[in-house]
Amino acid sequence: MTEVVKVNEIEVHLEGEGDETIVMIHGWPDTHRLWDGQVEVLRHRYRCARFTLPGYDPAHTRKLYTLEDLVAQIAAIVDRVSPDKPVTLMIHDWGCIWGYQYYLRHQHRVRRIVAVDIGDAGSKDHQLPTKAKLFAFGYQIFLAMAWLIGGSVGDGMTRKMAAWLKAPGDPKSIHSGMTYSYWWKWGRTFRKIPLGNLPLKIECPLLFLYGANKSVSFHSENWEKQMAARPGNRLEALPTGHWVMTEEPQRFNQAVVEWLDEPAERSETAA
């Protein structure tokens, strides 16, 4: 049975049983439905909380949500669904960006992190080949323009890019209101305004699953080695693109369940 609670204007879907709450945060151009397969597997032993990011539902206010807005929204949701215990974050794509920044500001509220495909993207260690840089810049600027244009044209641009990148979501749910993150990033970069993001330093236990078959890698080799060396962490490449959980759901879910179910002593020692 699903319980829905509203935190600000965001509906949070709660399913499952257990003492531990997993807060799931998707990225572009998805919704809370991205995690359907994971909730089905985890709901029998964990309490799963998921929501559609602000601006991603057509019913949401269309505005330029900032880093501060997203971190505050995640904080409000975590405090509502698990006021007395730290949570596990399960994050993907832009959900990783916002989720990491929430963790860095509220470390006592996060027990561990399951991160999908996005690591230290944008760090000094994350150096891409020229072809990959051009590819990333091209699709991100295209989506930033879709945000500025808006309307049916912006929606069409967003759906076209989502199809080209083989995003798994329902095309009918995809619209330009989802692309504000790209304008937030590049609009500030062009104007030389700091993004305000804290350097990524993860000290809680981490499961990092990423797709090995992509045009652009969103983490550096140095970061991967550092994370893999920490006790309690697990890093694994799967033969997928960016949407690991939908392209290899069985292997993805198995890795998540195995890691989450490891003895608590090991996780606590790592923490």
Give a yes or no on whether the backbone of [Y] and the side-chain of [X] come within a donor-acceptor separation of less than 3.5 Å.
X      : Y      : value
Trp35  : Phe51  : no
Ser82  : Val78  : no
Arg159 : Pro171 : yes
Arg105 : Gln101 : yes
Arg230 : Glu203 : yes
His175 : Tyr56  : yes
Tyr103 : Leu200 : no
Arg191 : Gly187 : yes
Arg188 : Pro194 : yes
Arg111 : Lys85  : no

To the nearest 0.5 Å, what is the distance between [atom1] on [X] and [atom2] on [Y]?
X      : Y     : atom1 : atom2 : result
Leu53  : Trp98 : CG    : CH2   : 8.5 Å
Asn253 : Leu42 : CG    : CG    : 7.0 Å
Arg47  : Thr21 : CZ    : OG1   : 4.5 Å
Glu17  : Glu15 : CD    : CD    : 11.5 Å
Asp57  : Thr31 : CG    : OG1   : 8.5 Å
Asp69  : Leu64 : CG    : CG    : 8.0 Å

Least distance between heavy atoms, [X] atom then [Y] atom:
X      : Y      : answer
Val116 : Cys96  : O-SG, 3.7 Å
Pro29  : Ile174 : O-CG1, 3.8 Å
His242 : Asp117 : ND1-OD2, 2.6 Å
Ala115 : Leu206 : CB-CD1, 4.0 Å
Val39  : Cys48  : CG2-CB, 4.1 Å
Gly95  : Ile25  : CA-CG2, 3.6 Å

Is the [X] to [Y] ring centre distance short of 6.0 Å?
X      : Y      : value
Phe190 : Trp186 : yes
Tyr180 : Trp28  : no
Trp223 : Phe208 : yes

- Task: Could you give me the CA-CA distance, side-chain angles and deciding distance for Asp261 and Tyr46, then say whether side-chain hydrogen bond (donor to acceptor under 3.5 Å, both in side chains) is met?
- Result: CA-CA 10 Å; Asp261 287 352; Tyr46 297 97; 2.7 Å; yes
- What's the verdict on side-chain hydrogen bond (donor to acceptor under 3.5 Å, both in side chains) for Thr88 and Arg112, showing C-alpha distance, side-chain angles and the deciding distance? CA-CA 5 Å; Thr88 292; Arg112 51 189 177 178; 3.2 Å; yes
- Sort out for me which residue in Met90, His32, His13 forms a side-chain contact (heavy atoms from CB on, under 4.5 Å) with Met24.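 That would be Met90.
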[X] vs [Y] side-chain heavy atoms within contact, under 4.5 Å:
X      : Y      : result
Tyr65  : Gln73  : no
Trp243 : Asp30  : yes
Tyr182 : Tyr139 : yes
Thr52  : Ile10  : no
Val23  : Val12  : no
Trp183 : Met145 : yes
Leu14  : Val81  : yes
His92  : Leu209 : no

- Query: Parallel, tilted or perpendicular for His108 and His106, by the 30°/60° rule?
  - Reply: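 The arrangement is tilted - the two ring planes meet at 30° to 60°.
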- Query: Is Ile141 reachable from Trp164 through a run of I, L, V, M, F, W or Y residues, each pair having side-chain heavy atoms under 4.5 Å apart?
  - Reply: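 Yes; Ile141 is reachable from Trp164 via cluster members.
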- Joint hydrophobic cluster, Leu134 plus Phe137, side-chain heavy atoms closer than 4.5 Å: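 No, no single cluster joins them.
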- Go through the steps for Met157 and Val153 under the test side chain to side chain contact (heavy atoms under 4.5 Å, CB included), then give the verdict. CA-CA 6 Å; Met157 293 171 64; Val153 174; 4.2 Å; yes
Atom [atom1] of [X]: over 12 foreign heavy atoms under 6.0 Å:
X      : atom1 : answer
Gln250 : CD    : no
Lys214 : NZ    : yes
Lys166 : NZ    : no

- Query: Should Leu260 and Ile22 be marked as a side chain to side chain contact (heavy atoms under 4.5 Å, CB included) after you check the CA-CA gap, both sets of side-chain angles, and the distance that decides it?
  - Reply: CA-CA 10 Å; Leu260 290 178; Ile22 302 176; 3.8 Å; yes
- Message: For the residue pair Thr158 / Asp155, report whether a side-chain donor-acceptor contact shorter than 3.5 Å exists.
- Response: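 On atom types as modelled, these side chains do not qualify, holding no pair under 3.5 Å.
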- Think Lys131 forms a cation-pi with Phe135, using NZ or CZ under 6.0 Å from the six-ring centre and within 45 degrees of its axis?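 Judged by the rule, Lys131 and Phe135 form no cation-pi pair.
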- Would you mind listing every salt bridge (Lys or Arg N to Asp or Glu O under 4.0 Å) that reaches into residues 232-250, with sequence neighbours excluded?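 Every salt bridge (Lys or Arg N to Asp or Glu O under 4.0 Å) pair that includes a residue of residues 232-250, provided the two are not neighbours, is Arg234-Glu236, Arg234-Glu258, Glu236-Arg251.
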- With side chain to side chain contact (heavy atoms under 4.5 Å, CB included) as the test, would you mind laying out the steps for Leu195 and Leu67 before giving the verdict? CA-CA 8 Å; Leu195 297 178; Leu67 169 64; 5.8 Å; no
